[in-house]
Amino acid sequence: MSLRLHNTLSRRLEPFEPLDPDRVGVYACGPTIYGHAHIGNFRTFVFYDLVHRTLEWLGYGVHFVMNLTDVDDKTIAAAAREGLNLERYTAPFAESIMEEADALGIRRFDLYPRATAYIDRMIELVQTLLDRGLAYRTDDGSVYFDISAFPDYGALSGKDLEQGRQGERVAADEYEKDDARDFALWKASKAGDEDVGAAWDAPWGRGRPGWHLECSAMSLAEVGETLDLHLGGEDLIFPHHEDEIAQSEGATGRPFVRTWLHVRHLRVEGEKMSKSLGNVVTVRELMEEGISPAAIRHQLLSAHYRSELNFTREGLEASARAITRLVDFADRLASSAAEGPGGDDLREAVERARIRFREAMLDDLNVQEAMASLFIFMREANPLVQHSGSAARADAIAFLESTNEVLGLLALGRESRVVDPELEAWVEARVRERDEARAARDWERADALRDELEARGVRLEDGPSGTRWTWSGAGIAAG
RNA sequence: GGCGCCGUGGCCAAGUGGUAAGGCAGAGGACUGCAAAUCCUCCAUCGUCGGUUCGAUUCCGACCGGCGCCUCCA
């Protein structure tokens, strides 16, 4: 069984067959770095991460590129407002996004090209399109793509060309586009552009690239003429990706993308997230509140990527507890020293879970089903841990680590538990004190110590081999 | 108006033409000095109304409700 993915272009599940399994070319539309990324952006990035991890987990060699858009209307306007040039204005946001991505366990991609570093390639691309008669210049020095010269336009989004046709050529107005749907490849310089350093010389005049052009140029330069996968948020299907197809295929004459994957937007507490509703949530804020990155990641993975996801506080708590259970289980496996005869049962449970987990991931990245297999496994395995041998437990641990390669939740959950050594030493001392009290059957003293520890967020477990302690998973805080 | 998506237990969320995974929460029980953790049991007939079918939550239709895109929002 091989990986099947839902291709936006065909609107169906297709077997994934990369051109070169040793170098799967992936291009993901990254953020425009004009402000702090919000939780919706990160749903998308976590999805990119999931694709990246899954491909590698399946043994493919992957070349994964995510761009950063640093020149467009929004970055220019914001930079102008701050009186900074583009570079100075955007750099901190790129940094902050990378920090948050790291915190959420998003593994680094191979390359993060910025649009402004590819202006030459963009100019070449525009020239090619002009030479091929697919684009035209206007008197102000702008260049537009001529939709009427690209018959396939609309295939990705399912738009009916004629339906949306909004205006015939207005011959009298030479500054206007020929057709309302033609889009800018190159925008002639305006005064504000120059101020922030967003203007470059081109054969047809000084200006700056159109937004859609950036992705075509960067993917062409860094991945190739034909991408195995192109990823993005659902809002980009039209017109952004439609325009990318037109430009790229117009210029190269080759298929641009084999498989398109689009992530659905999320909602916050049941509502669309928007500035006007004032419900824009950023990862930075959540983390400042002490919410564990593992819980955030878990929630961002809690719905299939093609379904709407409702991001809620209540959901974060549920996620935090689920993570606690996972990490506890892994701890228990690792710390057990039992050498019982129950290893075969554990091995069988591992095998069932492995198969189910893999099948789920192969089925269009069905993370929910995959996680279900993981939790079913934990339920089956928990009673077996104390009756198994170390070899069987090692097998179980290997399975958990393998799921972590894909989901990234176990490692992140463990990270959330790291605390400062001093506090840890204090806890250890209290636990020992309590053990002594318990040995002396001084329950009052033991319970008082437990209460004190619990107040600090420490959870105790008295087991046959002594007392384990962990940071409480009751709250959503990292501890 | 055009194109498209969704409506599954208290919350979140998979899934299937033959009476519905998983997480969180809840109830009862086992274990425990008491707890915690863990395990066991219980808790839904899948928006409404029709149709197809031996049988539909799953296919078709209508309706109700929610949502997305239609030029730059992941």
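Keep in mind the model is a prediction, meaning the values are calculated, not measured.
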K159(A) to Y153(A) six-membered ring, cation-pi geometry met (6.0 Å, 45°): no
Aromatic ring of H265(A) stacked on base six-ring of rA74(B), 5.5 Å, 30°: yes
Passing option when I39(A) is tested against L300(A), V46(A), T282(A) for side-chain contact (heavy atoms from CB on, under 4.5 Å): L300(A)
R456(A) to W426(A), cation-pi by 6.0 Å centre distance and 45° axis angle: yes
SB check D102(A) R108(A) (cutoff 4.0 Å): yes
R438(A) CZ - rG33(B) P separation (whole Å): 8 Å
Any-strand Watson-Crick or G-U partner of rU38(B), both distances under 3.5 Å: rA30(B)
Electrostatic pair R53(A)-D49(A), nearest N-O below 4.0 angstrom: yes
Any residue of residues 230-249 of chain A with a heavy atom less than 4.0 Å from an atom of RNA chain B: G232(A), G233(A), E234(A), D235(A), L236(A), F238(A), P239(A)
Aro-ring/base stack W443(A)-rG33(B), d under 5.5 Å, angle under 30°: yes
Donor-acceptor pair present, R450(A) side chain and rC34(B) base, under 3.5 Å: yes
Partner nucleotide, any strand, of rC49(B) [Watson-Crick/G-U, under 3.5 Å]: rG61(B)
Nearest-Å distance for atom pair CG/C1', residues L104(A) and rA74(B): 14 Å
R306(A) and D364(A) ion-paired at < 4.0 Å: yes
Identity of whatever pairs with rG4(B) - Watson-Crick or G-U, under 3.5 angstrom: rC67(B)
Check: D462(A) side chain, rC31(B) base, donor-acceptor under 3.5 Å: no
Note: R284(A)-E100(A) ion pair, threshold 4.0 Å (strictly below): yes
For rC72(B), the Watson-Crick or wobble partner whose two distances fall under 3.5 Å: none
Nucleotide opposite rA25(B) in a Watson-Crick or G-U pair, distances under 3.5 Å: none
